There are 2 protein chains.
Amino acid sequence: MKPRAISESAVRRLSHYLRFLDEFEAAGATTVSSDDLAQKGGMTSAQVRKDLSRFGSFGKRGLGYPVDELRERLRQILGLDRRWRVCLAGAGRLGAALYQYEGFRRQGFDFVAVFDRDPVKVGRRWGDLEVEDVARLGEVVAAKGIEMGVIVTPRESAQEVADLLIEAGVEAILNFAPKKLTVPHGVTLRDVNLAIEIEGLSFALTHAGEIVTAG
Amino acid sequence: MKPRAISESAVRRLSHYLRFLDEFEAAGATTVSSDDLAQKGGMTSAQVRKDLSRFGSFGKRGLGYPVDELRERLRQILGLDRRWRVCLAGAGRLGAALYQYEGFRRQGFDFVAVFDRDPVKVGRRWGDLEVEDVARLGEVVAAKGIEMGVIVTPRESAQEVADLLIEAGVEAILNFAPKKLTVPHGVTLRDVNLAIEIEGLSFALTHAGEIVTAG
DNA sequence: TATTGTGAAAGGGTTCACAGCG
DNA sequence: CGCTGTGAACCCTTTCACAATA
């Protein structure tokens with residue numbers, strides 16, 4: 001089975017299309033054209049069609065795509081037609097903000113465990129959870145069937161925690177620590193590096209006039 | 001002036017190199033080769049050399065790059081040899097977490113104002129700041145010489161706040177709201193969309209076996 | 001000799017353009 | 001007729017490979 005590779009940016013666009021469809025649905029549309037979707041995202045209609053056609057022929061020539069159907073199909077494709085069990089590694093402020101962010105739950109992501117190494121934090125109540133000692137990570141991940149990990153530790157502990165997660169069988173990690181992590185083949189890693197994003201802004205302001213492209 | 005466009009991903013790599021150099025410096029190295037840097041980041045040495053050579057010839061053939069000098073040069077290139085005045089739009093939990101994140105201050109980014117529309121939040125003390133009414137955004141941005149905005153509002157208010165920031169003269173925006181914003185040419189926008197990142201993970205787990213490339 | 005800096009080649013993602021079809 | 005689906009063309013980024021050189 002090797003149905004051709006999909007780029008990370010293409011997957012990101014699928015998520016965008018899903019949000020655009022929500023907007024069209026809210027506006028009462030029953031069909032949308034690739035061009036309608038493209039305009040919401042500042043992209044070309046050809047790109048939208050290429051992205052969608054990779055997963056099947058959902059459109060009707062001359063008409064466009066049925067909003068409802070395409071929306072459901074995209075949710076399936078993105079794996080949003082089920083719920084996922086997620087753990088937080090790091091019980092700091094950023095972790096708390098993510099934990100309480102409604103958007104995750106709404107899209108099907110449930111935080112079912114929080115870990116920290118700090119004995120002061122271990123045992124504290126977080127909603128209906130209790131912060132667990134990171135030493136119990138493997139045990140808890142197995143017991144609760146946790147499938148994704150979100151790393152919100154300081155830079156220094158990030159790789160260590162990633163290794164624990166992977167050893168426990170977690171195959172998808174969202175890393176907020178400002179550290180490039182090494183993961184084995186088969187584990188999916190996404191980085192959200194706040195420092196790097198804001199440095200991109202200072203670069204752009206510093207080099208105003210020179211063009212910065214998308215790539 | 002048009003010294004060839006620079007891709008966003010290339011700028012991101014410059015930030016990475018800077019962090020790698022910090023690590024090499026901490027380890028006592030005085031020079032590094034493009035291959036040393038490449039290995040830290042899982043990239044090729046040719047890529048490192050191409051990225052760096054765009055800004056000048058910092059290396060010595062047969063030896064590599066002087067750590068100190070390259071580090072300083074990269075800080076200049078990224079605009080980190082000065083401080084930036086940043087405002088937060090949105091006094092919620094995520095905003096609070098970012099506000100208290102030491103990393104920003106350490107790299108030269110100072111939060112000098114926080115805005116919210118909620119009268120309950122306006123007037124509250126945040127460290128040595130006071131939450132301001134978003135109605136005063138233009139005034140405060142001008143008075144404090146604010147250069148960057150970080151949007152941490154709900155989805156619905158994001159575009160509106162972005163427009164206010166831009167009208168006030170802000171030319172760089174970091175957007176955490178899960179909404180694709182429209183900004184005029186000349187304004188730099190970076191998105192951090194947590195929902196989209198985690199959806200990337202569920203996509204990968206759902207399609208395990210099929211390859212997801214970098215692009 | 002080891003490593004940079006860089007043209008040339010390769011690779012991969014995006015856009016074009018049009019045949020196909022409702 | 002309008003819009004999708006898609007092969008081909010295009011373009012940008014990455015990698016290769018080697019001349020240049022400390």
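Just so you know, these numbers come straight off a predicted model, no measurement behind them. Chain letters run A, B, ... following the sequence lines, proteins first, then strands; residues in each count from 1.
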Rounding to a whole Å, what distance do you find between [X]:[atom1] and [N]:[atom2]?
| X | N | atom1 | atom2 | answer |
| --- | --- | --- | --- | --- |
| B/Glu8 | C/dG13 | CD | P | 17 Å |
| A/Phe55 | D/dT4 | CZ | C1' | 17 Å |
| A/Met43 | C/dC16 | CE | P | 15 Å |
| B/Leu70 | C/dG5 | CG | C1' | 14 Å |
| B/Asp35 | C/dG5 | CG | C1' | 15 Å |
| A/Gln47 | C/dC16 | CD | C1' | 13 Å |
| A/Lys50 | C/dC16 | NZ | C1' | 9 Å |
| B/Arg12 | D/dT14 | CZ | P | 12 Å |

Discussion item. So, using ring-ring contact (aromatic ring centres under 6.0 Å, His included) as the criterion, who are the partners of B/Phe203 when residues are at least two apart?
Written reply: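 Here the qualifying residues are B/His207.
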Fill in: For A/Phe24, all residues meeting ring-ring contact (aromatic ring centres under 6.0 Å, His included), sequence neighbours excluded
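Per chain and number, A/Phe24 pairs via ring-ring contact (aromatic ring centres under 6.0 Å, His included) with no residue.
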Practice prompt. Take A/Asp51 and B/Val32, find for each the nucleotide of DNA chain C with the closest heavy atom, and name the residue whose nucleotide sits nearer the 5' end.
Written response: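 Nearer the 5' end of the strand: B/Val32.
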Worksheet item: B/Ser33 side chain: which of C/dT3, D/dC3, D/dT6 is closest?
Response: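 The answer is C/dT3.
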OP1 or OP2 of [N] under 4.0 Å from side-chain N/O of [X]:
| X | N | value |
| --- | --- | --- |
| B/Tyr65 | C/dA2 | no |
| A/Ser34 | D/dT4 | yes |
| B/Arg13 | D/dT14 | yes |
| A/Thr44 | C/dT15 | yes |
| B/Ser57 | C/dG5 | yes |

Fill in: Matching residue for A/Trp126 among A/Phe111, A/Phe115, A/Tyr99 - test: ring-ring contact (aromatic ring centres under 6.0 Å, His included)
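The single option meeting the ring-ring contact (aromatic ring centres under 6.0 Å, His included) with A/Trp126 is A/Tyr99.
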Practice prompt. Would you mind checking if B/Arg12 and A/Glu197 are paired as a salt bridge, meaning a charged N to carboxylate O distance below 4.0 Å?
Written response: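 So A/Glu197 pairs with B/Arg12 through a salt bridge.
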Worksheet item: For every nucleotide of nucleotides 17-22 of chain C, 5' to 3': is a protein heavy atom under 4.0 Å from its base (B), only from its sugar-phosphate (S), or from neither (-)?
Response: B-BBBB
Discussion item. So does B/Val48 get a backbone contact from the side chain of B/Asp51, meaning a donor-acceptor N/O pair under 3.5 Å?
Written reply: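 Not confirmed, B/Asp51 side chain does not pair with B/Val48 backbone.
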Item to complete: First locate atom CD1 of A/Ile198, then atom CE of B/Met148, and finally report the distance between them rounded to the nearest 0.5 Å.
Response: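 Nearest 0.5 Å value for the CD1-CE distance: 5.5 Å.
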Worksheet item: Of B/Arg106, B/Arg19, B/Arg13, which meets salt bridge (charged side-chain N to carboxylate O under 4.0 Å, His left out) against A/Glu199?
Response: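 Exactly one pass, corresponding to B/Arg19.
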